[in-house]
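One structure is given below, encoded as structure tokens.
As a basis for the values below, the full set of heavy atoms in this structure was taken, side chains included, without hydrogen atoms, waters or symmetry mates. Counting starts at 1 for both ligands and their atoms, in listed order.
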Amino acid sequence: MIKRNFILSALLVPAAMAFAQQYGGMWIPTEVNEKEMKEMGMKIDAKAIFDPNKPSIKDAVVQFNGGCTAEIISPQGLLLTNHHCGYSQIQSHSSLENDYLADGFWAKNQKEELENPGVTVDFINGIKDVSAEVLKGTEKLDQKAADALITANVKKVQSTYKLEPHQKVLVRAAYYGNKYYAYLIDTYKDIRLVGAPPSSIGKFGSDTDNWVFPRHTGDFSLFRIYADKNNKPAEYSKDNVPYVPKHFLPISLKDKNEGDFTFVFGFPGRTTEYLPSIAVEKIRTEIDPAMISVRAVSLKTLDAQMRADQETKIKYASKFASLANYWKKWSGEVEGLTKSDATGKKQAYEKTLIAKNPEIKTTLDEFNRLYTAQGPYALHRAYYSEIIRNSESLTLASHYLNYLALAKSGKLDQKTVESFTNRLSRIYKNFDAQLDAKVTARILALYASKLEPQFLPQGFEAFKDETKNLQTLEQFSKNSIVTGRAALNGATASEAIETLFKDEKSLAKALESDPILKLFATLRASYGSASETKFESYQDQIDALQKTYMAQQMATDKDRAFFPDANSTLRVTYGKIAGSNPKDALYYGYQTHLSGVMEKYIPGDYEFDVPQKLIDLHAKKDFGPYANASGDVPVNFTATNHTTGGNSGSPALDAEGNLIGLNFDRQWEGTMSDINYDPRFSRNIMVDAKYILFIVDKYADAKWLLNEMKIIK
Ligand code: ARG
Ligand code: GLU
């Protein structure tokens, strides 16, 4: 079955693109299959990608603010990442008067670059397989004792490193705990905003085009790493100087062709490629649909008001984008899992495994029992976590409740209080109590109607009526610190918060009787008693079994090249530039162009407007050296690289290790690749390096930045 699928896929696409990687692959940089990469066209050695002792490409690739990836493209620490990765920084410097989200921002020199307190970048300076050290002595122990020993062993491994103050060592499990790797990390903290195109370029197509190809988005922004006089990490200071990297990426302006080798180097967040079929089926039919349904309601509510009011649009831009992003991804995932028959494929694979090793049947039977028993609790968890995430009132209440618990137990110190006030001020800064009450009213109604009574607080059926909910919430707000007093002070929220937290006793007293806090506490308690413990106890068993199953798959399927699921550590994925044939008689080319931006142009539209200057450049064909042989500027392109969330901002490199694109998305038909990579449909989407330089040069006229870069014509 699997073999047949593979042959079929090879027939559907031109021979030049036959896929070496049936299951995709996100490889630990010290363990890449150099031979295969070279067969596919790579011209450099694997050592050029990651060498712990010499400058290599890894010295130009960083994790950006704990989530995205970014890369250094000049000897002065100039950093390239996605517009959507720098989005909240761009937003935080924006106001109605100076709206950098709408108009873009371009520093004219280093002095004009904007500081971003709290933003960090991480370099990976060493990777070591420490499985033997971490797992030592755990073989015969039960789960709990093994976990304790692993924690102790990890500490021991960490203590063998001599660290400078800005360094840390993270030890991360791979293959579900069958292996462990230690990562030596250097963190830089003075990261300044250098440039960003307007959203009509950087987020062109916005949510309609998100996760979709053909795509026409200039999803990039520029930052710069600053260091102290010794090139070492330092807190922000005006005396800091641009960081001098060990390596930076040259940028290639050569035309791209289908079938060209490419690799992507970055920090993929999370994948689950080795689940049993029952788990995939639960995601497809229960968990994803539940989460999608909550977000659909809140997004619709936010959207209506954001379209009507510019201030709301700015306030909620980042929040909306982040909720919309996974809402859409999950729908694509469900569709893709269905279309690629992920469950059927897994079931067939399980049969072949059992045929080779009958013990695996016991494992799979046990999975079936556990996932079935866990099902209702997992569903409750999905709904519960989504309503808290989608309602700012409930999110706020959860912070206050944590605070209250600490206050009561006498465990509050100055630092903890500060972290609460910071977190709360950040939420209040972009909080509209009335709008959020509408969202909360609606999702609580959904919650009340979707869940069986045994999962709801007593009497919660009354919350099925959203109009009544809204009245209730508005009434609550009048007597609430959570959504009322502090929140209503708007721009001065952080001052209000500070005053509020000065008097610990009266704050605690007021919170005790806060109706919004009480509502949250009731929901929290009922989730806790009905589902949380049961969910977790099943999950512990599932996790332990997944470790066994992972080891069994690796021991049984000798022909398969296994790679560890993504876990936000540095990985290399490689493939070829390729279009696709996602539906019968539908073919996507591998590349889009500026003329396609103009085809999508809808004047004044909030998603498809095009800035006048770009329209003019297109009309005058003022493309400089950035057009293809065809005479059009390439905008986005796709390849077979296996990427996921966290790979945003990752460099796409050519056979020589030059930057040719900036990863920012995947195409709709392939987003199930987090669970079931399918070479027929799974494509990553990148901004063409030519488009980035075209915008920096022709649109922004930021020649001083081009002068820093090494551009290969
Ligand atoms: N889908 C991409 C990713 O997962 C881009 C998200 C940002 N863009 C947007 N329109 N929300 O992060
Ligand atoms: N846009 C995603 C991110 O922010 C990358 C796209 C994907 O999930 O592949 O990481």
Near [X], which atoms of ligand 1 are under 4.0 Å from a heavy atom of that residue?
{"X": "Asp207", "value": "9 (C), 10 (N), 11 (N)"}
{"X": "Asp665", "value": "1 (N), 2 (C)"}
{"X": "Ala321", "value": "11 (N)"}
{"X": "Lys203", "value": "10 (N)"}

Determine whether any heavy atom of Ser648 lies closer than 4.0 Å to an atom of ligand 1.
->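 Judged by the 4.0 Å heavy-atom criterion, Ser648 does count as contacting ligand 1.
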Could you tell me if any non-hydrogen atom of Ser206 lies under 4.0 Å from any atom of ligand 1?
->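 Within the 4.0 Å threshold, so yes.
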Option nearest atom 3 (C) of ligand 1 (shortest heavy-atom distance, choices Leu323, Asn325, Asn210) =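 Looking at heavy atoms only, Asn325 sits closest to atom 3 (C) of ligand 1.
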Winner among Arg666, Glu607, His84, Lys329 once heavy atoms are compared against atom 12 (O) of ligand 1 =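 Of the listed residues, His84 has the closest heavy atom.
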Which one holds for Lys328 and ligand 1: side chain close, backbone close, both close, or neither close, with close meaning a heavy atom under 4.0 Å?
->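 For Lys328, there is no contact with ligand 1 at all, from either part.
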Is it the side chain, the backbone, both or neither of Ser322 that has a heavy atom closer than 4.0 Å to ligand 1?
->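 No part of Ser322 is near ligand 1 at this cut-off.
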Check: His84 main-chain N/O paired with Asp219 side-chain donor or acceptor under 3.5 Å =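 A pair under 3.5 Å: yes.
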So, Ser673 side chain and Ser682 main chain: donor-acceptor pair closer than 3.5 Å or not?
->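 Absent.
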How far apart are the closest heavy atoms of Ala290 and Tyr383, and which atoms are they?
->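 It is CB-CZ, 3.6 Å.
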Residue pair Val61 / Phe267: nearest heavy atoms and the distance that separates them |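 The answer is CG1-CE1, 4.3 Å.
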Any residue meeting salt bridge (Lys or Arg N to Asp or Glu O under 4.0 Å) with Asp190, in chain and number order, not counting sequence neighbours =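 Residues passing salt bridge (Lys or Arg N to Asp or Glu O under 4.0 Å) with Asp190: Arg192.
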Identify, chain by chain and in numerical order, each protein residue with a heavy atom under 4.0 Å from an atom of ligand 2.
->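 Around ligand 2, where the cutoff is 4.0 Å for heavy atoms, the contacting residues are His84, Trp211, Thr643, Thr644, Gly645, Gly646, Asn647, Ser648, Phe664, Asp665, Arg666.
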Salt bridge between [X] and [Y], side-chain N to carboxylate O under 4.0 Å?
{"X": "Lys203", "Y": "Glu607", "answer": "no"}
{"X": "Lys600", "Y": "Asp209", "answer": "yes"}
{"X": "Glu669", "Y": "Lys339", "answer": "no"}

Any N/O pair Asp219/ligand 1 closer than 3.5 Å =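 Looking only at distances, the answer is no, because the N/O contact criterion of under 3.5 Å is not met.
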Could an N or O of ligand 1 be found under 3.5 Å from any N or O of Tyr326, whether backbone or side chain?
->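 No, since none of the N or O atoms of Tyr326 sits under 3.5 Å from an N or O of ligand 1.
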Show your working on salt bridge (Lys or Arg N to Asp or Glu O under 4.0 Å) between Arg284 and Glu333 and close with a plain yes or no.
-> CA-CA 8 Å; Arg284 188 180 76 89; Glu333 185 168 277; over 6 Å; no
Test Arg215 against Asp665 for salt bridge (Lys or Arg N to Asp or Glu O under 4.0 Å), laying out the working first.
-> CA-CA 10 Å; Arg215 184 67 155 277; Asp665 213 359; 2.9 Å; yes
Give the intermediate values and the outcome of ring-ring contact (aromatic ring centres under 6.0 Å, His included) for residues Phe562 and Tyr274.
-> CA-CA 10 Å; Phe562 286 90; Tyr274 305 104; 5.7 Å; yes
Tyr574 and Phe263: aromatic ring centres closer than 6.0 Å?
->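 When the ring centroids of Tyr574 and Phe263 are compared, they turn out to be at least 6.0 Å apart.
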